[in-house]
Every structure is written in C-alpha cells, then in structure tokens.
Amino acid sequence: MALDQSGAVAFKARCTRATVLSTLLRLDVEAIAMEACAGAHDRARRLAEQGRCVRLLVAADVRAFVRGQKNDYNDAQAIAEAALPPTVRTVGVKTIEQQDIQMLHRMRSRLVQQRTALINQARATLLECGVAVGRGRKTMASKRPELPAREDLGLTQARRDMLGQCLRCWREAEQQAQHIDAQPAAVARADERCRRLLAVPGVGPLTATALVAAVGNASEFGRGRDLAAWLGLVPRQHSTGGLPRLLGISKRGNTDLRWLFCHGGRSVRAHLEREQHAGGPWITGPETRMHPNKATVAVAAKRVRVSWVILRRGVTYQPGGEVEVFEPSSCGAHVV
C-alpha cells in the first residue's frame, strides 16, 4: 500500500514474499516504511542498497494505528499511516555483523538454559532415590563421573540409563557452551567500540558485544537516559492530574541486555575498589539510601548511560576527579 501527500491510498496490491522487493522497487516513493519484525532488517538492507530510504517502525507504535480486525490490508494501512507522524519511533537497520552477534548470544542463552535443565533433571532423578546432591553446577560436575557407576545408590537399571543419558547430554551442552563463550571475547577484541566499552567497570565481553549488536552506535537515542529507559532500567510512571507517581522499573526492552547490565552493576558493587576509583563515592551513596537491589539497578543504569556516551560520541572511558570523565578522540567532553 502507498499513500500520496494527502494521506489517500495511491497504490494497493497483494504481494507474495518472493515479489515484495521487486514491487517496492518499481514504486516511485520518497520513503518505504516497514514494521520491525523478522526479516525486516534483511529487506531494509536490500532496499537501501538500491538507494531507497527505509524506515523500520516500532511494532508497538504501529499497533495504535490498526483499525478494525486484524488482516493484511489493515496492517499495511496502519504501517503506512504510522510512518507519517514524526513522533513514531524508528528502529535502526542492523548490519549482518550485528545480527550474527545476536544469533550467537541467543544460541549461548539456549545452551545455558539447556545445561541448567539437565542439571536439575539429574538432581531430581537422584533425589527420587534418596540421594541429595547440593546445588550448583560445580558441585554436580565434581560428582558427575562417579554417579552412574556407583552401586550403593540403589538405582534401577532404567534409572541408571536415564541418569547416564542425562549426564551425557549435559556434557555435550557444556562443551558447546564453552566453545561459544570464547567467541564473544574474540568479537570484542576485534571491534573498536567493544574495546572502549570493556574499560567501563561492570561491562564484560558479553555485555559489550550484546549492546553493540542491539544499538550499534546508539544513534537512535538522543541521550543516555533514553537508552536506559529503552532497557527498562528507569521507574515506571503512572501519573495523572499533575500528580507524579513512580513505581518500580519498567522492565521494557531487551531482557537479556538488562539482565547483563544488572549483573554487571552487582559485580561493581561487590568488587570495585571504591577508595581507588573516582566513581566509588557515587556507588556508596545509593547504598546508604535504598535497598541493595535498587542500588544495583541504579549502578546498572549508570553503566548504561556511560556506555551511551562512549558509543554515541566515540570517546574513551577515563575515570577521574569526582565524576566519570570522558576524553573524546576529537573534541573535549566531560559527562556527569
């Protein structure tokens, strides 16, 4: 569907997945809008290579323009109308390298979940036989070689076979996870943006590569707080009648990336040498005023804002003075 300058329907046709690109290239339009979904980034890259201006719209914003029941025509009309207001949020077109890193993180997350499930299943199998094994992957790994061969556990042959199969699957998942764990570190060393992010306390190879893969140079965000809000690390607001009311964090956006930053904030609180670091007093401040979990989220949000400055302005992290100071590669900047 195509709209003219007045917003009226100028073109309408039904396209298949194989003909949609050729149909869009035949149209003489100023911009092409698509809803950010699976496959949208690939089509946007192909259209951009042909010199077309492509806008990927946030799916939640497009939904507000849908009228009537859901069908292909109403969805296309909603996307076309959502592309007209300048306030509708857009998504940056990801490069192939960014999507490769995101696939790597998703595969790692799946393997970690699979490994945890297999450990819990093995512990549950042993507990059914009256054998209690302590929690934790290392505790189970120390006893893994001897468990299937022990005769004093009273395992039936069926349970022994199931336990052995579970432990073999766990071993395979462990090896695959270890192989994938080495890849984000290699990507972080090769990418100049990731290397600058690694200098920030609480940001490791997983967090750096995941952030670069998700936002690139963070050009879609006007300030660091916008990036923190996109990750759901700011208070959720439920205000009315001029009466502000702030609740817990909104938990919007990328769940895995927010989880990584929160763990990084917890690590900073636990291990950073505050007497020798310029940001030490700032970290101690929230801990004296709020719950430890809230302090962790505050530190995580601070790490996000610091990371935004590094990505958006191309600067190098340099802690100094009473605030965190950044030295850009081209122009001076001091950011609190």
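All values below were derived from every heavy atom in this structure, side-chain atoms included, with hydrogens, water molecules and symmetry-related copies excluded.
M290 and I249 are members of different hydrophobic clusters when ILVMFWY side chains are connected at heavy-atom separations under 4.5 Å.
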Should R195 and D191 be marked as a salt bridge (Lys or Arg N to Asp or Glu O under 4.0 Å) after you check the CA-CA gap, both sets of side-chain angles, and the distance that decides it? CA-CA 6 Å; R195 290 198 300 269; D191 192 285; over 6 Å; no
For a salt bridge (Lys or Arg N to Asp or Glu O under 4.0 Å) check, start with the C-alpha distance between E30 and R52, then their side-chain angles and the critical distance, and finish with the verdict. CA-CA 8 Å; E30 295 182 1; R52 298 304 181 93; over 6 Å; no
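Using a distance-only test at 3.5 Å, with no hydrogens or angles considered, a donor-acceptor pair links the side chain of N74 to the main chain of Q69. A distance-only check finds a donor-acceptor pair linking the side chain of R289 to the backbone of G285 [under 3.5 Å].
In this structure, I101 CD1 and T209 OG1 are separated by 6.0 Å, a value rounded to the nearest 0.5 Å. Within the model, atoms CG of L167 and CD of Q121 stand 10.0 Å from one another, a figure rounded to the nearest 0.5 Å. With rounding to the nearest 0.5 angstrom, the CZ atom of R55 is 12.5 Å from the CD1 atom of I32. Here the CG-CZ distance, from L233 to R303, works out to 12.5 Å after rounding to the nearest 0.5 Å.
One side chain, T19 or T16, offers a donor N or O that lies under 3.5 Å from an acceptor on the other. At a cut-off of 3.5 Å, with distance as the only test, no side-chain donor of R312 or S219 sits close to an acceptor on the other residue.
Contact record, R115 with A177: NH1-CB, 4.2 Å, taken as the closest heavy-atom pair. Across all non-hydrogen atoms, the minimal contact from P205 to A185 is CB-CA, 3.9 Å.
With respect to R168 and E172, no salt bridge is recorded, no charged nitrogen being found less than 4.0 Å from a carboxylate O.
Between Y317 and S307, the closest side-chain pair of non-hydrogen atoms is not below 4.5 Å. L57 has its side chain out of reach of E35: every pair of non-hydrogen atoms, C-beta onward, lies at least 4.5 Å apart. Within the 4.5 Å cutoff, the side chain of R45 has heavy atoms near those of the Q99 side chain. Looking at V299 and P286, their side chains never come closer than 4.5 Å, going by heavy atoms from C-beta outward. Looking at T116 and Q113, their side chains never come closer than 4.5 Å, going by heavy atoms from C-beta outward.
The only option from V91, L227, T90 that meets the side chain to side chain contact (heavy atoms under 4.5 Å, CB included) definition with E220 turns out to be T90. When each of D75, V88, I79 is checked for a side chain to side chain contact (heavy atoms under 4.5 Å, CB included) with V62, only I79 meets the rule.
If you look at W230 and F221, their ring centroids are closer than 6.0 Å.
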